[in-house]
Amino acid sequence: MALPTAPGSPLPAEARGRGRRKRLVWTPSQRDALRASFERNPYPGMATREQLAQAIGVPEPRVQIWFQNERSRRLRQHRRESRPWPGPRGPPEGRRKRTAVTQSQTAVLLRAFERERFPDFATREELARETGLPESRIQIWFQNRRARHPGRAGRGPAAVS
């Protein structure tokens, strides 16, 4: 038995599925009831959602989706308020600005790196006096340089057996 088809459609209506749902526009009273319930519990159980759905006259799955969307909305808003970066106001408090290393400072550090890949504290202090950079930045510079330029550490000729 053939199923009825819509004009111009290759599939019967039953096989095509329901398609996309229409957007539900909440009335002010429905919105108020949903928000009040959300304030009490942002993760309501099935029974609570069903009671709320019956009280405001919408299907329970729509209430469930509203709660999911509201949780997501509030999380995004919280992130925007607590982390204003990136933006025109500059870096957030607690974050150090990037240290600019000049060519002359880099030249001094490179010469020291060629002599010693793992300088001790005294050497780093001497480099700090010479370059005008803090010792902690010198230490980070060496760590970054070793990471970017592994050199021969651990790479010897292959053992012949």
Visitor: Apart from Trp66 itself, what residues make up its hydrophobic cluster when side-chain heavy atoms of I, L, V, M, F, W and Y under 4.5 Å apart count as a link, directly or indirectly?
Guide: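 ILVMFWY cluster around Trp66 also holds Leu24, Trp26, Leu34, Phe38, Leu52, Ile56, Val58, Val63, Phe67.
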Visitor: Any donor-acceptor pair under 3.5 Å linking the side chain of Gln30 with the backbone of Thr27?
Guide: yes
Visitor: With side chains defined as the heavy atoms from C-beta onward, is the minimum distance between Leu109 and Phe142 less than 4.5 Å?
Guide: yes
Visitor: Could you tell me whether Glu39 and Arg74 make a salt bridge, using a distance below 4.0 angstrom between a side-chain N and a carboxylate O?
Guide: yes
Visitor: Hey, what do you get for CD (Glu70) to CG (Leu75), rounding to the nearest 0.5 Å?
Guide: 11.5 Å
Visitor: Which atom names give the shortest non-hydrogen contact between Ala53 and Pro59, and what distance separates them?
Guide: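 Smallest heavy-atom distance, with atoms named: CB-C, 4.0 Å.
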Visitor: Does one side chain, of Thr102 or Gln105, offer a donor that lies under 3.5 Å from an acceptor on the other?
Guide: yes
Visitor: Between the main-chain N or O of Pro150 and the side-chain N or O of Arg117, is there a donor-acceptor pair closer than 3.5 Å?
Guide: yes
Visitor: Taking atom CG of Leu133 and atom CD1 of Ile138, what is their separation to the nearest 0.5 Å?
Guide: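 Here the rounded value is 5.0 Å.
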Visitor: Compare every heavy atom of Pro134 with every heavy atom of Ala128, then report the nearest pair and how far apart it is.
Guide: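 So the minimum-distance heavy-atom pair works out to CB-C, 4.3 Å.
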Visitor: For residues Gln139 and Trp141, determine if any side-chain heavy atom of one lies less than 4.5 Å from a side-chain heavy atom of the other.
Guide: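 No, their side chains stay 4.5 Å or more apart.
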Visitor: With sequence neighbours excluded, what pairs up with Arg115 under the side chain to side chain contact (heavy atoms under 4.5 Å, CB included) test?
Guide: Arg111, Ala112
Visitor: Nearest 0.5 Å, please: how far is CZ in Phe118 from CD in Gln143?
Guide: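 Reported to 0.5 Å precision, the distance equals 9.5 Å.
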Visitor: Compare every heavy atom of Pro119 with every heavy atom of Arg146, then report the nearest pair and how far apart it is.
Guide: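 In this case the closest contact between Arg146 and Pro119 is NH1-CD, 4.3 Å.
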Visitor: Please report the interatomic distance CD(Gln64) to CD(Glu50), rounded to the nearest 0.5 Å.
Guide: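 Reported to 0.5 Å precision, the distance equals 10.5 Å.
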Visitor: Please check if any side-chain donor atom of Glu81 sits under 3.5 Å from a side-chain acceptor atom of Gln77, or the reverse.
Guide: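 Yes, Gln77 and Glu81 have a side-chain donor paired with an acceptor closer than 3.5 Å.
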Visitor: Yes or no on side-chain contact (heavy atoms from CB on, under 4.5 Å) for Leu110 and Arg145, after CA distance, side-chain angles and deciding distance?
Guide: CA-CA 9 Å; Leu110 282 172; Arg145 184 74 186 183; 3.3 Å; yes
Visitor: Taking the side chain as every heavy atom from C-beta outward, state whether Thr123 and Phe121 have any atom pair closer than 4.5 Å.
Guide: no
Visitor: Go through it in stages, so that I can follow the logic: the residues are Glu60 and Met46, the test is side-chain contact (heavy atoms from CB on, under 4.5 Å), and I'd like the CA-CA distance, side-chain angles, deciding distance and then a yes or no.
Guide: CA-CA 8 Å; Glu60 184 277 332; Met46 178 73 149; 3.7 Å; yes
Visitor: Within the supplied structure, the quantity of interest is the number of heavy atoms (other residues, nucleotides, ligands) at a distance under 6.0 Å from Arg129 CZ; does it exceed 12?
Guide: yes
Visitor: Sub-3.5 Å donor-acceptor pair from the side chain of Arg49 to the main-chain atoms of Pro44, do we have one?
Guide: yes
Visitor: When hydrophobic residues are tied together by side-chain contacts of less than 4.5 Å, even through go-betweens, does Val101 share a cluster with Ile140?
Guide: no
Visitor: Please indicate whether Gln68 has more than 12 foreign heavy atoms, meaning atoms of other residues, nucleotides or ligands, lying under 6.0 Å from its CD.
Guide: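 Yes - once you tally the heavy atoms of other residues, nucleotides and ligands closer than 6.0 Å, there are more than 12.
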Visitor: Could you walk me through whether Arg76 and Ser72 pass side chain to side chain donor-acceptor pair (under 3.5 Å), step by step?
Guide: CA-CA 6 Å; Arg76 281 193 311 270; Ser72 179; 2.9 Å; yes
